[in-house]
Undergrad: 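Here's a structure for you.
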Amino acid sequence: MTGTAAGTATARDSGRAGPRTAAPQSGFAPWKDPSKQPIVRFENVTKKFGDFVAVRNCNLDIFEREFFALLGPSGCGKTTLLRMLAGFETPTEGRIIVAGQDVTGVPPYERQSINMMFQSYALFPHMTVERNVGFGLRQEGMDKAEIEKRVNDAMDLVELGKFAKRKPHQLSGGQQQRVALARAIAKKPKIMLLDEPLGALDKKLRNQAQFELMRIQETTGTTFIIVTHDQEEAMTVSSRIGVMNHGELVQVSTPGDIYEAPQSRYVAGFIGEVNIFEGKVAGTSGGMVDIAWVSNPTTFRTRTPEPLSVGQQAWVAVRPEKIRIGFDKPQNGENAIAGKVTDVGYLGSISHYYVEVAGGQRVTALRANAAHAVERPINWEDDVWLEWPADAGVVLTK
Ligand code: ATP
């Protein structure tokens, strides 16, 4: 986990800049509009395999044209949730509503508006690319001319035209992934489910493919629901992220809010790097809370949107890039602690500083690397001060 996700955290956040190639969905936030009906609704959905609860009481609304990412560690239930939506698994409890219709007991082949692209791609080895892409349409008995048009359009969209006559084994992993995507798109589903669609690609290809996926999603206007365990990927591509842990959806928010306003230590620690200080509420006033740190007679002052009670256990989460590191004791700092640098990670334009503070906690701070003549460099064993403003931290109670 690194702080690099910060750079992409706001990629899809409405109205904020980010590394986009496709047209930004500025102001796109149907989840904030109470008059909007979701295209997908999970209602109290639980899935058990024997005694094992793979998905626990999931309530989730996903809206048309969203690029929704289900994110979580291996085995947390992401694929099971997706498979229930596709109809390959039946919920043990609860209902799944698609476009206003209860589809809970409907088999996959009758869920016409949904198509799933599998992690394995499941291409037919004996068929050419174009035969693979048209397979589902032939199964439906579609008119030949219409099949040809749809296959050509889908192959153009994923830029596969020149490979039309090749067989899957004559393609690279990235090209095979695009065939699988074209095959799913050709059916013109309203909702596309993608289970780790970029899982087989190497890092560089994966980054490129993420932007491809975003472009295709926006061009077709399809609702994409993607399963991934890659935090940066979810931050880059999605309009909202559902973070899962042990079968439960623990937070559903925009990438920016997941990063800036996590609701639990789990979410704060799952995406990007974070410093967490444990303490007890010492006092509150005017939207501010003072947290007495357990490790040291220091209090941290942080904004809080929620009322907290004195004595309550709480944690302050602060991202490394929000912490200023320097040699001088801050004069009016709201949050300041002294420490010793134990490690420095030089990353070109920025450096990570690992600082041991009183009580033994290791705190990470980031600093942009200035020219030596401008700023004295910070090194191993240096005594330093760490400081951050009250609005840089987030108070967590779980
Ligand atoms: P990964 O990222 O590794 O694919 P995931 O979050 O998609 O993980 P799921 O595939 O949804 O996880 O599985 C959730 C849990 O349910 C796992 O512990 C898995 O072993 C269990 N599970 C999934 N399918 C079955 C099944 N058919 N029978 C029994 N247990 C299952």
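Just so you know, ligand 1 is whichever comes first in the structure, and atom 1 is the first atom listed for that ligand. What you see is a predicted model, and the numbers here were worked out from it, not measured in a lab.
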Undergrad: Going by heavy atoms in the side chains, are F163 and T128 under 4.5 Å from each other?
TA: no
Undergrad: Using a plain distance cutoff, I'd like to know if F52 has any nitrogen or oxygen under 3.5 Å from a nitrogen or oxygen of ligand 1.
TA: no
Undergrad: State whether a side-chain donor-acceptor pair under 3.5 Å links T104 with D102.
TA: yes
Undergrad: When you compare ligand 1 with K78, is there at least one nitrogen or oxygen pair between them that comes in under 3.5 angstrom?
TA: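 Checking ligand 1 against K78, an N or O pair does fall under 3.5 Å apart.
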Undergrad: To which protein heavy atom is atom 27 (N) of ligand 1 closest, and what is the distance rounded to 0.1 Å?
TA: F49 CE2, 3.5 Å
Undergrad: Calculate, to the nearest 0.5 Å, the distance between atoms CD1 and CD belonging to I226 and E233 respectively.
TA: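 Answer rounded to 0.5 Å: 5.0 Å.
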Undergrad: Can you tell me the protein heavy atom closest to atom 3 (O) of ligand 1 and the distance?
TA: S74 OG, 2.5 Å
Undergrad: Quick one, T236 and F211 - any side-chain contact, counting heavy atoms below 4.5 Å?
TA: yes
Undergrad: Would G77 count as being in polar contact with ligand 1, using the rule that some N or O on each side must be under 3.5 angstrom apart?
TA: yes
Undergrad: What do you reckon, does P73 put a non-hydrogen atom under 4.0 Å from ligand 1?
TA: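 Right, P73 reaches ligand 1.
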Undergrad: Does a salt bridge link E387 with K329, judged by any charged N lying under 4.0 Å from a carboxylate O?
TA: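 Salt bridge absent between E387 and K329.
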Undergrad: Would you call E273 and R319 a salt bridge, taking side-chain N to carboxylate O under 4.0 Å as the test?
TA: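 Salt bridge between E273 and R319, a charged N being under 4.0 Å from a carboxylate O: no.
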Undergrad: Distance under 4.0 Å to a non-hydrogen atom of C76: what atoms of ligand 1 satisfy this?
TA: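 So the atoms of ligand 1 that pass are 5 (P), 6 (O), 12 (O).
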Undergrad: At a 4.0 Å threshold, what atoms of ligand 1 neighbour a non-hydrogen atom of A54?
TA: 16 (O)
Undergrad: For atom 31 (C) of ligand 1, state whether the nearest protein heavy atom is under 4.0 Å away.
TA: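 For atom 31 (C) of ligand 1 the answer is yes, since some protein heavy atom falls inside 4.0 Å.
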Undergrad: Of the side chain and backbone of H229, name the one, both, or neither that has a heavy atom under 4.0 Å from an atom of ligand 1.
TA: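 H229 to ligand 1: no contact under 4.0 Å from either part.
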Undergrad: Short list, please: which atoms of ligand 1 are under 4.0 Å from a heavy atom of T79?
TA: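 Close to T79: 4 (O), 5 (P), 7 (O), 10 (O), 11 (O).
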Undergrad: Does a salt bridge link R206 with D230, judged by any charged N lying under 4.0 Å from a carboxylate O?
TA: yes
Undergrad: Parallel, tilted or perpendicular: which describes the rings of Y266 and F270, with under 30° parallel and over 60° perpendicular?
TA: parallel
Undergrad: Are any non-hydrogen protein atoms located under 4.0 Å from atom 20 (O) of ligand 1?
TA: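 For atom 20 (O) of ligand 1 the answer is no, since every protein heavy atom stays at 4.0 Å or beyond.
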Undergrad: Taking the non-hydrogen atoms of G72, is any one of them nearer than 4.0 angstrom to ligand 1?
TA: no
Undergrad: Does T80, backbone or side chain, put an N or O under 3.5 Å from an N or O of ligand 1?
TA: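 Between T80 and ligand 1, an N or O pair is found under 3.5 Å apart.
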Undergrad: Could you tell me if K47 sits above the aromatic ring of F49, with its cationic atom closer than 6.0 Å to the ring centre and no more than 45 degrees from the axis?
TA: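 Yes, K47 sits over the ring of F49.
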Undergrad: F277 vs W293 aromatic rings, parallel, tilted or perpendicular, using cut-offs 30° and 60°?
TA: perpendicular
Undergrad: Can you tell me which residue and heavy atom of the protein come closest to atom 5 (P) of ligand 1, and the distance to 0.1 Å?
TA: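 Answer for atom 5 (P) of ligand 1: G75 N, 3.5 Å.
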